[in-house]
**Student:** 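Structure provided below as structure tokens; questions to follow.
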Amino acid sequence: MSRGPCLDCPAASVLVERTGLGLSNPTISHHYRVLREAGLTRTFVEGRKRVVRVRRQEMEDRFPGLLEAILGSSSRIEAPSAG
């Protein structure tokens, strides 16, 4: 299993930002923990921050079409390029 960031999955923070739900940081942290424990996200430490990434295939396997419904069919989110 790879420990580096998934290059084909969106950062969860991008999903939160795009949905515009206006959630508090403690609420977001709680949901990140629930999603991580369910195996739907991965969390990586990069310097002093934690990066949460959606495990796209696992999400699609358990909830087919959910990410597309949230993000829209024409707005595929790409991982940020290094550099």
Side-chain angles (χ1 to χ4, degrees):
M1 174 165 54
S2 172
R3 289 240 178 240
C6 300
L7 296 179
D8 64 339
C9 47
S13 61
V14 173
L15 297 177
V16 171
E17 183 180 313
R18 286 246 176 132
T19 57
L21 297 176
L23 302 173
S24 69
N25 285 339
T27 300
I28 293 169
S29 294
H30 166 75
H31 288 291
Y32 281 168
R33 181 175 54 88
V34 171
L35 291 169
R36 184 180 64 250
E37 290 174 357
L40 299 175
T41 63
R42 289 191 178 135
T43 303
F44 304 95
V45 176
E46 288 185 0
R48 294 175 28 178
K49 66 180 180 177
R50 296 186 187 277
V51 176
V52 179
R53 297 253 183 219
V54 174
R55 297 173 74 174
R56 185 177 284 274
Q57 189 59 51
E58 288 83 349
M59 184 73 80
E60 186 62 29
D61 290 346
R62 290 182 62 187
F63 306 103
L66 179 63
L67 287 177
E68 286 297 316
I70 293 169
L71 302 175
S73 60
S74 65
S75 63
R76 179 180 164 105
I77 297 176
E78 299 296 331
S81 58

**Student:** If you take all heavy atoms of Val52 and Thr41, which pair is closest and at what distance?
**Tutor:** CG1-CB, 3.8 Å
**Student:** Is the closest side-chain heavy-atom distance between Leu67 and Val54 below 4.5 Å?
**Tutor:** yes
**Student:** Using the rule side chain to side chain contact (heavy atoms under 4.5 Å, CB included), only one of Arg50, Arg53, Lys49 pairs with Phe44; which is it?
**Tutor:** Arg53
**Student:** Among residues two or more places apart or on two chains, list those pairs meeting salt bridge (Lys or Arg N to Asp or Glu O under 4.0 Å) that have a residue in residues 22-32.
**Tutor:** none
**Student:** Does Arg62 use its side chain to pair, donor to acceptor, with the backbone of Ala38 at less than 3.5 Å?
**Tutor:** yes
**Student:** What's the spacing between Leu35 CG and His30 NE2 if we round to 0.5 Å?
**Tutor:** 9.0 Å
**Student:** Report the residues that fulfil side chain to side chain contact (heavy atoms under 4.5 Å, CB included) with Leu66, sequence neighbours left out, ordered by chain and then residue number.
**Tutor:** Met59, Phe63, Ile70
**Student:** Among all residues two or more places apart in sequence or in another chain, which pass the salt bridge (charged side-chain N to carboxylate O under 4.0 Å, His left out) test with Arg33?
**Tutor:** Glu37
**Student:** Looking at residues at least two apart in the chain, or sitting in another chain, which of them share a side-chain hydrogen bond (donor to acceptor under 3.5 Å, both in side chains) with Thr27?
**Tutor:** Ser24
**Student:** Can you sort out the partners of Glu58 under salt bridge (charged side-chain N to carboxylate O under 4.0 Å, His left out), two or more places apart, ordered by chain and number?
**Tutor:** Arg55
